[in-house]
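Presented below is the structure to which this report refers.
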Amino acid sequence: YYSDAELDAEIVTSPVFMMDGQFNAQQFQQVIGTAGFTPLTYRAEVRTDKLFDQMITGIQQSAFITQQEAKRFGGLLSQRRDIAYIQILASDFIDQVEINDDEVAHYYNINLSDFVTDETVDLQYIELSRDELAASYEIDELELQEYFDTNKTGYSTDESRHIAHILIETTADLDAEAARQRAESVYQRIVAGEDFSAAAQEASDDQGSRQNGGDLGFNQRGIFSPDFESIAFSLAVNQVSEPVKTDIGFHLIKVHAIEEAFAPELIDVRGEVEQTYRYAVTEDEFVSKSSRMAEMLFENFSELESVADALGLEVRSTGHLKRDADHSLMSAAGVSEAAFSPDVLLDGNNSDLIEVSDDYHVGLRVTAHNPSKTKSLEEVNLDVTYIVQRQKATRLADLKAQEIVSAIEAGSLAQFVADEHGFDWKLAPAASRFESEVEPSVLAEAFKLPRPDENKESVGSAIFPNGDAVVLRVSEVFSPDEN
């Protein structure tokens with residue numbers, strides 16, 4: 001079984017559907033649309049994959065499985081059933097439910113743990129961010145140009161060539177002259193029109209590149225031996241060299257493509273240079289401010305305003321935050337632990353400097369502490385009333401389902417019973433466990449029913465987690481080994 005909640009969580013936490021770390025509906029639509037899915041068909045596809053995973057995981061985690069058991073699992077997985085079902089909604093029975101204050105109070109008293117609030121804190125905090133320091137730095141154009149000129153090699157690229165070769169290796173059984181003659185023979189074949197890649201696959205002794213037609217990929221100078229490299233970097237595109245002698249034998253070299261050397265001017269790479277420069281020139285300032293911030297958080301332990309003023313920072317505030325609040329501050333490493341530590345929470349001191357990362361430091365204090373407490377019955381009366389109503393409505397839905405099952409098992413026609421109670425049968429002929437047109441919870445219950453006897457039906461009912469009931473009939477079971 002794979003619930004809608006699990007399916008939703010799988011989708012919204014998928015990185016491919018996120019922008020800036022958050023689920024983005026437009027990104028979701030674009031990605032699945034490119035793959036040929038609609039939201040409904042994509043959800044069905046994911047659900048099918050997860051159900052398969054559950055089945056396979058269950059098999060894999062078995063200590064031992066025989067071939068016969070494996071065949072049986074496979075048969076169950078691909079089994080199909082003729083299914084008919086009636087869904088009975090608990091909400092349809094709400095108006096029939098009567099409850100009193102004693103029932104509400106009883107439910108509340110035996111479920112007090114369900115009505116406990118989370119412990120929360122209100123925080124003040126200051127942030128020292130290397131990103132903000134770098135972004136606010138006013139650039140001097142002359143200094144930026146000087147920085148670029150000093151570091152220009154870091155933004156330049158040398159010439160790179162896409163090279164392939166055929167190696168005829170010298171060995172104890174093949175001396176240099178014999179190797180040269182063999183290389184010359186292969187060269188003449190290529191000159192006569194034979195494909196270089198095919199010749200490499202047939203003749204080259206370089207086992208690492210042979211199957212790829214001698215392909216060595218793109219390479220800059222300094223990778224190969226001087227003898228090899230001097231020829232490789234003198235050839236034109238698609239030109240093949242005559243045999244080139246190196247320490248290991250003779251090579252035929254071909255150049256597939258050339259990427260020219262690139263020595264940019266500042267205007268060509270300004271964005272990248274400016275970002276690197278901003279970080280470089282603010283490094284000492286960040287370190288100095290971080291050290292001063294740590295000292296002042298301790299010295300001015302009861303407030304943050306003076307720390308913020310001295311460092312040019314802003315004091316920010318939050319609302320009520322629990323330990324695992326979905327808030328950018330509380331999700332930062334070390335912040336929740338510091339906020340709920342005795343020194344900060346109970347003694348009212350500033351936190352120590354929290355080094356969330358190398359480039360992001362935080363200091364905080366608690367301005368309000370809200371311990372967890374049990375809400376009074378008056379506060380949750382409407383919620384408890386609804387829960388009790390829903391429970392009673394669920395029991396009525398279950399009784400209705402059992403009544404229908406009993407009537408069918410007693411010999412009444414299924415259609416007559418449905419009509420009598422004001423329901424319609426929904427049909428799912430030859431449905432698999434992963435039928436996209438039927439709710440997974442219905443399929444899960446239908447496949448729990450026993451195989452019906454010949455010319456008979458298996459009938460049953462079930463209650464879903466949301467309180468709704470279902471009546472099920474299975475009239476035929478199709479296994480893959482049956483004609």
Side-chain angles (χ1 to χ4, degrees), residues 5 8-9 12-13 18-24 108 111-136 285-286 288-384 386-387:
D8 290 339
V12 301
T13 58
M18 289 185 178
M19 295 187 70
D20 299 325
Q22 299 292 326
F23 175 76
N24 183 282
Y108 170 78
N111 294 281
L112 288 175
S113 61
D114 293 343
F115 306 106
V116 176
T117 64
D118 291 312
E119 179 185 22
T120 64
V121 291
D122 294 6
L123 300 177
Q124 281 187 334
Y125 64 100
I126 53 177
E127 302 170 293
L128 180 61
S129 166
R130 182 83 175 276
D131 288 343
E132 291 184 4
L133 274 182
S136 63
E285 182 184 6
F286 182 81
S288 175
K289 282 191 171 185
S290 176
S291 177
R292 183 64 178 139
M293 182 173 166
E295 294 173 358
M296 294 190 71
L297 284 170
F298 178 76
E299 293 168 356
N300 304 275
F301 60 87
S302 61
E303 49 85 20
L304 292 177
E305 285 75 14
S306 61
V307 185
D309 290 342
L311 298 174
L313 304 176
E314 178 185 353
V315 178
R316 295 183 169 95
S317 301
T318 72
H320 302 334
L321 298 177
K322 58 183 181 178
R323 293 176 187 268
D324 58 349
D326 184 16
H327 186 281
S328 59
L329 180 66
M330 292 300 277
S331 62
V335 169
S336 180
E337 293 83 350
F340 285 90
S341 66
D343 185 50
V344 175
L345 183 66
L346 302 180
D347 298 339
N349 295 323
N350 291 338
S351 70
D352 293 332
L353 181 73
I354 305 167
E355 297 186 12
V356 176
S357 69
D358 291 341
D359 298 326
Y360 178 58
H361 297 172
V362 173
L364 59 82
R365 63 178 294 96
V366 172
T367 58
H369 176 214
N370 310 291
S372 64
K373 67 170 188 174
T374 303
K375 294 180 181 179
S376 67
L377 178 56
E378 289 72 21
E379 292 177 279
V380 296
N381 187 272
L382 288 177
D383 293 333
V384 177
Y386 175 77
I387 292 170

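Numbers here simply count residues along the sequence, with the first being 1.
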| said: Glu337 vs Ile354, test: side chain to side chain contact (heavy atoms under 4.5 Å, CB included). Steps then yes/no. | reply: CA-CA 10 Å; Glu337 293 83 350; Ile354 305 167; over 6 Å; no
| said: Are there over 12 heavy-atom neighbours, none belonging to Tyr360, within less than 6.0 Å of that residue's OH? | reply: yes
| task | Taking all non-hydrogen atoms of both residues into account, name the closest pair between Phe301 and Arg365 and its distance. | result | O-NH1, 3.2 Å
| Nearest non-hydrogen partners of His320 and Thr120, listed with the distance | CB-OG1, 3.8 Å
| said: What's the separation between atom CG in Asn349 and atom OG in Ser302, rounded to the nearest 0.5 Å? | reply: 8.5 Å
| request: Could you grab the distance from atom CE of Met296 to atom OG of Ser291, nearest 0.5 Å is fine? | output: 12.0 Å
| query | If you round to the nearest 0.5 Å, how far is CG of Leu297 from CZ of Arg292? | reply | 10.5 Å
| request: Of all the heavy-atom pairs spanning Leu364 and Ala339, show the shortest one and how long it is. | output: CD1-CA, 4.0 Å
| Do we see a donor-acceptor contact under 3.5 Å between the side chains of Asp122 and Thr367? | no
| note | Exactly one candidate in Asp347, Val344, Leu346 meets side-chain contact (heavy atoms from CB on, under 4.5 Å) with Val366; the answer is Val344
| query | Hey, what do you get for CG (Leu311) to CD (Glu285), rounding to the nearest 0.5 Å? | reply | 10.0 Å
| message | Under a 3.5 Å distance rule, please check whether Asn350 uses its side chain to pair with a backbone N or O of Phe298 as donor and acceptor. | response | no
| query | Under 3.5 Å, side chain of Glu303 to main-chain N/O of Glu305, donor-acceptor pair present? | reply | yes
| note | Value for OH (Tyr108) from NZ (Lys375), rounded to nearest 0.5 Å, stands at 10.5 Å
| request: Start with the C-alpha distance between Leu345 and Glu119, add both sets of side-chain angles, then the distance that settles side chain to side chain contact (heavy atoms under 4.5 Å, CB included), and finish with yes or no. | output: CA-CA 11 Å; Leu345 183 66; Glu119 179 185 22; 3.7 Å; yes
| Taking the inter-plane angle between the rings of His361 and Phe286 on a 0 to 90° scale, is it parallel (under 30°), tilted (30 to 60°) or perpendicular (over 60°)? | tilted
| query | Which atoms form the tightest heavy-atom contact between Phe115 and Val384, and what is the distance? | reply | CZ-CG2, 3.5 Å
| said: Does any part of the side chain of Arg130, heavy atoms only, come nearer than 4.5 Å to the side chain of Asp358, both counted from C-beta? | reply: no
| task | Please assess Lys289 against Leu133 for the test side chain to side chain contact (heavy atoms under 4.5 Å, CB included), listing each intermediate value before the final yes or no. | result | CA-CA 10 Å; Lys289 282 191 171 185; Leu133 274 182; 4.0 Å; yes
| query | If you take all heavy atoms of Gly363 and Leu304, which pair is closest and at what distance? | reply | O-CD1, 4.3 Å
| Could you give the distance from CD1 (Ile126) to CE (Met293), rounded to the nearest 0.5 Å? | 4.0 Å
| note | Nearest heavy-atom contact between Thr117 and Pro371 is OG1-O, 4.1 Å
